[in-house]
Amino acid sequence: FLEGVREFSDDLGQLEDLLGHDVARRLKGFGGVAAYYVKKRAAILVVERDRASDLVDLARSLVPRADIRLLEPSYEGPSVR
């Protein structure tokens, strides 16, 4: 799945269109980035857990006005309340 969304994003140049070529190149080339894609004008980067904080710091320095968030997957599964 991740390889497919990365290829699709690259084919369309979505990350470059959203962030600019230089920023996109630096984020995509960051060690530990497994995949990236754009959904509803939000850049989603999937990164190895031990590199996530460093990537957030880099992204905040490159795009200081953006709302950069570190999100972790849920391991609890769906629930009904």
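D67 pairs by the side-chain hydrogen bond (donor to acceptor under 3.5 Å, both in side chains) definition with R69, not counting sequence neighbours. For the side-chain hydrogen bond (donor to acceptor under 3.5 Å, both in side chains) test, no residue two or more places apart in sequence or in another chain qualifies with E76. When the side-chain contact (heavy atoms from CB on, under 4.5 Å) test is applied to V38, the partners found at least two apart in sequence or on another chain are Q14, L15, L18. Residues passing the side-chain hydrogen bond (donor to acceptor under 3.5 Å, both in side chains) test with Y36, sequence neighbours excluded: D10. For E16, the side-chain contact (heavy atoms from CB on, under 4.5 Å) partners two or more places apart in sequence, or in a different chain, are H21, A24, K28.
Residue F8 is not grouped with residue Y37 when hydrophobic side chains (ILVMFWY) are merged at heavy-atom distances under 4.5 angstrom, including chains of intermediate members. One hydrophobic cluster, built from ILVMFWY side chains closer than 4.5 Å, cannot hold both F30 and V56; they sit in different ones. Hydrophobic clustering (ILVMFWY, side-chain heavy atoms < 4.5 Å, transitive): I68 and V23 are in distinct clusters.
S61 places a side-chain N or O within 3.5 Å of a backbone atom of L58 that can act as its donor or acceptor partner.
Taking a 6.0 Å sphere around CZ of R26, one finds it holds 12 or fewer heavy atoms contributed by other residues, nucleotides or ligands.
The side-chain heavy atoms of L55 and V33, taken from C-beta on, include a pair separated by under 4.5 Å.
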What side-chain donor-acceptor pairs closer than 3.5 Å can you find for residues 41-54, not counting sequence neighbours?
unit_1	atom_1	unit_2	atom_2	d
R49	NH1	E72	OE1	3.0
R49	NH2	Y75	OH	3.0
R51	NH1	G31	O	3.3

